[in-house]
Amino acid sequence: MRDDEAMEQALAAGEAARRRSAPNPWVGCALVRDGEIVGVGATEAPGRGHAEVGALAQAGDRARGATAYVTLEPCSHRGRTPPCVDALIAAGVTKVIAALEDPDPHVAGTGFAQLRAAGVDVTVGVGGRRAARALAPYLHHRRTGRPFVIAKVASSVDGRVAAADGTSRWLTGDLARANAHELRADSQAIMVGAGTAIADRPHLTVRDVAPAPEQPPTRVLLDAQGRVPAAGPLFDTRVAPTLVVTTHNAHPATVDAWRAAGAKVEPVGAGVDGVGVDLDETLALLGREGVLQVLVEGGGTLLGSLLAGDHAQRLVVYVAPLALGTRGTPALAFGGPDTIADARRYELASVRQLGPDARLEFEVIA
């Protein structure tokens with residue numbers, strides 16, 4: 001079995017564990033001995049076994065003399081579980097082939113160093129590009145302390161999210177909306193602004209996906225002025241937790257009502273020119289809460305501010321085959337550059353047809 005084939009097995013196992021492992025990275029591990037896979041494992045829910053431990057348990061005695069293919073550097077520190085490097089060494093694994101080094105400061109090369117010191121041969125980089133994309137939220141969080149931000153837009157072909165009278169349901173079809181729920185399921189938080197919360201009264205829950213996430217994503221409401229009443233589906237915390245990010249401009253009675261409804265409330269500074277909330281502080285707050293990926297669903301002012309401030313790492317656009325004209329609501333509400341030369345460019349990563357709609361995914365070019 002070739003190295004890339006074995007790593008493909010590890011990558012697939014890790015990706016399948018994504019919705020249960022966060023805020024830990026969704027790591028996969030495949031053990032190969034004499035050209036045959038003898039064990040496959042993936043990171044379990046926090047506090048449970050890591051990928052290497054699962055693969056070793058499946059392999060049993062066949063792990064001795066095997067090569068471990070892992071999508072991320074094995075951990076070298078004791079957290080809620082023992083170090084994976086100790087388990088690999090004790091099992092008699094003779095070689096570790098890893099896709100990536102772990103940027104977490106608790107690891108950051110020490111796992112590889114401990115393996116080499118114990119006589120284990122270590123190779124890094126096989127499958128690295130695919131692993132970096134698969135683990136992008138975790139890697140970004142560990143490097144910056146902030147979540148990976150996906151800005152999601154559903155628009156007409158002329159970039160409008162609602163008609164002149166404000167109607168927007170349903171702009172896109174069933175397949176596009178189902179795909180958006182997959183994005184929700186892969187995220188630890190879903191964010192909207194006050195305007196969208198008032199106009200749409202969204203639930204922001206995950207529906208009809210398999211597998212379902214281990215924990216429902218936190219609904220994050222940005223409401224600087226305390227405009228959104230503590231009522232409706234967004235404040236039904238029996239189905240999912242709600243976090244309100246606000247400022248000290250919100251009336252104390254409104255803040256008390258949010259908390260009485262079961263929401264967690266966190267004040268931050270005001271945004272640019274005193275408008276909205278400070279997005280830098282908000283993302284840092286979410287990072288401390290253990291959010292690896294946040295899906296931002298609008299509205300146009302919030303999405304425009306995220307893109308204008310270079311806060312988003314990925315942009316997912318669902319384009320419906322209709323036009324709404326200049327009286328429609330723009331998908332992105334921000335001033336924009338004075339000239340084409342100053343416009344932010346995005347890298348097209350994928351294009352898919354979903355029924356009558358198109359799904360475009362863009363990566364932000366650093």
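We count residues from 1, following the sequence as given. The shown structure was predicted, so the numbers you read here are calculated from the model rather than taken from an experiment. Both backbone and side-chain heavy atoms feed into the values below; hydrogens, waters and symmetry mates do not.
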Next on the checklist: Walk me through whether N24 and Y138 qualify under side-chain hydrogen bond (donor to acceptor under 3.5 Å, both in side chains).
Outcome noted: CA-CA 8 Å; N24 290 334; Y138 170 80; over 6 Å; no
Checklist entry - Less than 4.5 Å apart, any side-chain heavy atom of L307 and any of R344? => result no
Checklist entry - So, does T237 use its side chain to make a donor-acceptor pair with the main chain of P241 at under 3.5 Å? => result no
Next on the checklist: Can you see whether R219 engages T242 through a side-chain donor-acceptor pair at a distance of less than 3.5 angstrom?
Outcome noted: yes
Checklist entry - With H181, which residues qualify under ring-ring contact (aromatic ring centres under 6.0 Å, His included), at least two apart? => result none
Next on the checklist: If we ignore hydrogens and angles and just use 3.5 Å, is the side chain of S21 paired with the main-chain N or O of T43 as donor and acceptor?
Outcome noted: no
Checklist entry - When you measure from the side chain of Q313 to the backbone N and O of V149, does any donor-acceptor pair fall under 3.5 Å? => result yes
Next on the checklist: For R129, give me all partners under salt bridge (charged side-chain N to carboxylate O under 4.0 Å, His left out), at least two apart in sequence or on another chain.
Outcome noted: none
Atom pairs and distances, side-chain donor-acceptor, residues 279-303, under 3.5 Å, sequence neighbours left out:
from: D280; atom 1: OD1; to: R146; atom 2: NH1; distance (Å): 2.8
from: D280; atom 1: OD1; to: R146; atom 2: NH2; distance (Å): 3.1
from: E281; atom 1: OE1; to: G269; atom 2: N; distance (Å): 3.2
from: E281; atom 1: OE2; to: G269; atom 2: N; distance (Å): 3.4
from: T282; atom 1: OG1; to: D278; atom 2: O; distance (Å): 2.8
from: E289; atom 1: OE1; to: K264; atom 2: NZ; distance (Å): 3.3
from: E289; atom 1: OE2; to: K264; atom 2: NZ; distance (Å): 2.7
from: Q293; atom 1: OE1; to: R18; atom 2: NH2; distance (Å): 2.8
from: Q293; atom 1: NE2; to: S187; atom 2: OG; distance (Å): 2.9
from: E297; atom 1: OE1; to: R184; atom 2: NH2; distance (Å): 3.0
from: E297; atom 1: OE2; to: R184; atom 2: NE; distance (Å): 2.8

Checklist entry - Linking Ile, Leu, Val, Met, Phe, Trp and Tyr by side-chain heavy atoms under 4.5 Å, what else ends up with I198? => result I190, V192, L204, L221, V228, L234, F235, V244, V255, W258, V265
Next on the checklist: Side-chain heavy atoms nearer than 4.5 Å, only ILVMFWY residues, links allowed to pass through others: does that put L348 and Y318 together?
Outcome noted: no
Checklist entry - Is the shortest side-chain N to carboxylate O distance from D165 to R327 below 4.0 Å? => result no
Next on the checklist: Would the distance check show the side chain of T144 and the main-chain N or O of H140 forming a donor-acceptor pair, the cut-off being under 3.5 Å?
Outcome noted: yes
Next on the checklist: Side chains of T123 and K95, heavy atoms from C-beta outward: is any pair under 4.5 Å?
Outcome noted: yes
Next on the checklist: Any side-chain to backbone donor/acceptor pair from Q353 onto G355? Under 3.5 Å, distance only.
Outcome noted: yes
Checklist entry - Taking atom CD1 of I150 and atom CG of D186, what is their separation to the nearest 0.5 Å? => result 7.5 Å
Checklist outcome for this item: For M1, the hydrophobic cluster (side chain heavy atoms closer than 4.5 Å, chained through members) also holds M7, L11, V32, I37, V40, Y69, I97, V126
Checklist entry - Rest of the hydrophobic cluster containing V93 (Ile/Leu/Val/Met/Phe/Trp/Tyr, side-chain heavy atoms under 4.5 Å)? => result L31, V38, L56, V70, V85, L88, I89, V96, F112, L115, V120, V122, V124
Checklist outcome for this item: For D86, the salt bridge (charged side-chain N to carboxylate O under 4.0 Å, His left out) test, sequence neighbours excluded, returns none
Next on the checklist: Using the side-chain contact (heavy atoms from CB on, under 4.5 Å) criterion, which residues pair with P211? Sequence neighbours excluded.
Outcome noted: R19
Checklist entry - Taking it one step at a time, do T167 and R169 satisfy side-chain hydrogen bond (donor to acceptor under 3.5 Å, both in side chains)? => result CA-CA 6 Å; T167 55; R169 295 186 177 181; over 6 Å; no
Checklist entry - Does the side chain of P216 reach to within under 4.5 Å of the side chain of V206, using non-hydrogen atoms? => result no
Next on the checklist: Is any side-chain heavy atom of L171 closer than 4.5 Å to one of D357?
Outcome noted: no
Checklist entry - Under 3.5 Å, side chain of R160 to main-chain N/O of G328, donor-acceptor pair present? => result yes
Checklist entry - Among all residues two or more places apart in sequence or in another chain, which pass the side chain to side chain donor-acceptor pair (under 3.5 Å) test with S76? => result T110
Checklist entry - Would you say R20 and P213 make side-chain contact, with heavy atoms under 4.5 Å? => result no
Next on the checklist: Are more than 12 heavy atoms, taken from residues, nucleotides or ligands other than D342, located less than 6.0 Å from that residue's CG atom?
Outcome noted: yes
Next on the checklist: Before you tell me yes or no, could you show the steps for V161 and S168 under side chain to side chain contact (heavy atoms under 4.5 Å, CB included), namely the whole-Å CA-CA distance, both residues' side-chain angles and the distance that decides it to 0.1 Å?
Outcome noted: CA-CA 6 Å; V161 294; S168 60; 5.9 Å; no
Checklist entry - Q58 side chain to A55 main-chain N or O, any donor-acceptor pair under 3.5 Å? => result no
Checklist entry - Residues two or more places apart in sequence or in another chain: which of them pass salt bridge (charged side-chain N to carboxylate O under 4.0 Å, His left out) with D158? => result none
Checklist entry - To the nearest 0.5 Å, how far apart are OG1 in T247 and CG in D223? => result 8.5 Å
Next on the checklist: If I take atom CG from residue L360 and atom OG from residue S350, how far apart are they, to the nearest 0.5 angstrom?
Outcome noted: 8.0 Å
Checklist entry - Would F148 and H141 count as a side chain to side chain contact (heavy atoms under 4.5 Å, CB included) if you check the C-alpha gap in whole Å, the side-chain angles of each, and the deciding distance to 0.1 Å? => result CA-CA 7 Å; F148 188 87; H141 180 272; over 6 Å; no
Next on the checklist: Tell me whether the count of non-hydrogen atoms from other residues, nucleotides or ligands lying under 6.0 Å of CZ in R116 goes above 12.
Outcome noted: yes
Next on the checklist: Using the side-chain contact (heavy atoms from CB on, under 4.5 Å) criterion, which residues pair with H248? Sequence neighbours excluded.
Outcome noted: P267
Checklist entry - For T172, does its backbone N or O pair with a side-chain atom of R177 as donor and acceptor, under 3.5 Å? => result yes
Checklist outcome for this item: Of all heavy-atom pairs linking A163 and L324, the shortest is N-CD1, 4.0 Å
Next on the checklist: Quick check for you: to the nearest 0.5 Å, what is the distance between R259 atom CZ and D256 atom CG?
Outcome noted: 7.0 Å
Next on the checklist: I'd like to know if the side chain of E73 and the backbone of G109 have a donor-acceptor N/O pair within less than 3.5 Å.
Outcome noted: yes
Checklist entry - What distance do N179 atom CG and L183 atom CG have between them, rounded to the nearest 0.5 Å? => result 5.5 Å
Checklist entry - Would you find a donor on one side and an acceptor on the other, under 3.5 Å apart, between the side chain of H203 and the backbone of T205? => result no
Checklist entry - Mind checking what makes salt bridge (charged side-chain N to carboxylate O under 4.0 Å, His left out) contact with E363, not counting sequence neighbours? => result R133, R314
